Amino acid sequence: MNDFDYLAEGEVYLDAACQSLRPRPVIEAINDYYEKHNSCGERVKYKWGVITDEKVEETRNLVLKYLGLKSKHYTVSFTLNTTYGINLILSQLKAECFNKIMTSEIEHNSPFLASIAFAERTGLPREVMKRKLDGSIELGKYDFKKAIVVVNCASNIDGRKLLNIKELIKKVHEDNGIVVIDAAQAMAHSVDILRGIEPDAICFSAHKLYAPSLGGIVWRDDLMTKMNCLFVGGGMVDDVEADSYTLSADNKEHRYTRFESGLQAWGEIIGLGAALKWLMKLSKTDWNNLQDNYTELYNFLKSSNRVHLLNEAPNPTISFYVDGLDSHLLGNALSRENIMARTGYFCVHYYLDHCLGLPPLVRFSLGLHNRPSDIEKVKTVMKNII
Ligand SMILES: Cc1ncc(COP(=O)(O)O)c(C=O)c1O
């Protein structure tokens, strides 16, 4: 794709699940900010600030549009990344509103550790749910009464999805609980699973979404009633007295400030807006090319009897190990051929190491930047190695 024309032929980047490559329009949007209106947002009245404000506001609206959510009920706040967003929410929830915290076994350390820290801080019980191989949760097996449920809707091991996400949210809400979705992996290539659902919060990382390094929390406004406000500072208040302050977030128009203390990453937020516009304009051919590439690679790996795939089905994210071959050594050998792939447990230590007892893995995670020639190269190099 032309928008990644800076990528040299023969350099094969297969770590999009960690950070996507940024297409030209995103890089240009950031450069524009630094070169043409490098100003603080939401505080300054001079003309550069006005441009920044308009573009930041546009990005908030684009996030909601991308997810098909209504601004009447939801607010978009920016943070550092998914991890920061999840921790920001869990660390401020009022323990007295809940009975327990629940997560699942296939989670990234980001929600997994944050849920452990929550249980330790509050003394509330914590439950780790099982996920079926297709990614869904057997709802009948669990009691969700006043539970905080923190789960991903697409895994960073093999992209498996929380197929019954809608039913889960309905059940948890009926039982007076809340659902916080880790959408780090879903936003770029599986956004459909997020559309038409109404969780209490969605946390994501823009850097996995063809955008700059940045995080986002999309949250239901009524979540505020179940939270304390403990992380405070500049940009969050309408008035301050000697021993008290009035939060701007009490007013719907400035609700986003609830999670945005201090100056924000204005250029990166604007870059996210450019990435969302770019994603929403892609053609069916662009998506088909991605699908052809990952299906080809999946079928190639599946055809080798020395390769053990974690994936049940083709996905842009594919994890595996090779019999008798150390994954880290394989990763080094690939790197020498300019193929950049991840090795290890990808921050899913509990599930991969302790539940499944697997050796470290190799992960190929593809993106829209990949060319058919990348896949041919990986196949040739892999054949030579294994
Ligand atoms: C499923 C999932 N959740 C959470 C995270 C954490 O993302 P970040 O490091 O951007 O906070 C990742 C990162 O790979 C992930 O794949």
Side-chain angles (χ1 to χ4, degrees), residues 13-22 63 77-91 101-118 128-129 131 135-137 149-163 165 168 179-191 193-194 199 201-219 259 264-265 268-269 271-272 275 310-311 315-319 340-353 355 360-367:
Y13 181 72
L14 296 180
D15 199 14
C18 174
Q19 289 207 138
S20 7
L21 293 188
R22 282 69 169 191
V63 172
S77 301
F78 297 110
T79 61
L80 267 182
N81 49 39
T82 304
T83 307
Y84 197 86
I86 291 173
N87 276 279
L88 210 49
I89 293 174
L90 293 190
S91 62
I101 184 157
M102 302 171 81
T103 188
S104 91
E105 58 188 355
I106 66 162
E107 301 304 325
H108 186 280
N109 288 340
S110 166
F112 204 78
L113 269 58
S115 65
I116 294 176
F118 176 88
V128 179
M129 295 180 283
R131 298 274 285 260
S136 59
I137 294 173
V149 178
V150 197
V151 282
N152 72 45
C153 61
S155 142
N156 65 320
I157 308 165
D158 53 11
R160 79 181 78 158
K161 298 187 192 75
L162 180 52
L163 293 178
I165 189 168
L168 169 74
V179 181
V180 177
I181 297 291
D182 166 0
Q185 290 301 325
M187 285 292 269
H189 304 141
S190 308
V191 67
I193 195 152
L194 288 159
I202 296 172
C203 299
F204 71 92
S205 294
H207 37 274
K208 301 178 199 294
L209 182 58
Y210 300 93
S213 296
L214 183 77
I217 308 177
V218 184
W219 52 289
F259 292 109
Q264 300 301 305
E268 283 71 11
I269 296 172
L272 169 61
L310 272 278
N311 292 59
N315 189 276
T317 301
I318 306 172
S319 296
M340 286 152 280
R342 286 290 283 279
T343 55
Y345 290 125
F346 327 123
C347 291
V348 193
H349 295 82
Y350 171 66
Y351 181 62
L352 295 174
D353 190 5
C355 296
L361 306 173
V362 179
R363 184 178 73 184
F364 291 159
S365 60
L366 282 68

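Read the numbers this way: they start at 1 and go in the same order the structure lists the ligands and their atoms. This is a predicted model, so every value here is computed, not measured.
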I'd like to know if the side chain of [X] reaches the main chain of [Y], judged simply by a donor and an acceptor atom lying under 3.5 Å from each other, with no hydrogens or angles considered.
X      : Y      : value
Thr317 : Ser365 : no
Ser104 : Val151 : no
Thr103 : Val150 : yes

Under a 4.0 angstrom heavy-atom cut-off, which atoms of ligand 1 come close to [X]?
X      : value
Ala184 : 2 (C), 3 (N), 4 (C), 5 (C), 12 (C), 15 (C)
Asn156 : 16 (O)
Ser205 : 7 (O), 8 (P), 10 (O), 11 (O)
His207 : 10 (O)

Which protein non-hydrogen atom lies closest to [atom], naming both residue and atom, and how far is it?
atom                    : answer
atom 15 (C) of ligand 1 : His108 CD2, 3.4 Å
atom 11 (O) of ligand 1 : Thr83 OG1, 2.6 Å
atom 16 (O) of ligand 1 : Gln185 NE2, 2.7 Å
atom 14 (O) of ligand 1 : Lys208 NZ, 2.8 Å

task = Inspect the contact between Asp158 and Arg363 and indicate whether a charged nitrogen and a carboxylate oxygen are less than 4.0 angstrom apart.
result =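 Salt bridge flag = no for Asp158 with Arg363.
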Using a 3.5 Å cut-off on N or O atoms only, is [X] in polar contact with ligand 1?
X      : answer
Asp182 : yes
Ser110 : no
Tyr84  : no

Criterion side-chain hydrogen bond (donor to acceptor under 3.5 Å, both in side chains) against Asn152, the qualifying member of Gln185, Lys161, Arg131 = Arg131
request  = Have a look at Ser205 and tell me which of Thr82, Thr79, Asn81 forms a side-chain hydrogen bond (donor to acceptor under 3.5 Å, both in side chains) with it.
outcome  = Thr82
query = So among Asn87, Ile86, Leu88, which one has a side chain to side chain contact (heavy atoms under 4.5 Å, CB included) with Cys203?
reply =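 The side chain to side chain contact (heavy atoms under 4.5 Å, CB included) with Cys203 is passed solely by Ile86 among Asn87, Ile86, Leu88.
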query = Angle class for the Trp219/Phe259 ring planes (parallel below 30°, perpendicular above 60°, tilted otherwise)?
reply = perpendicular
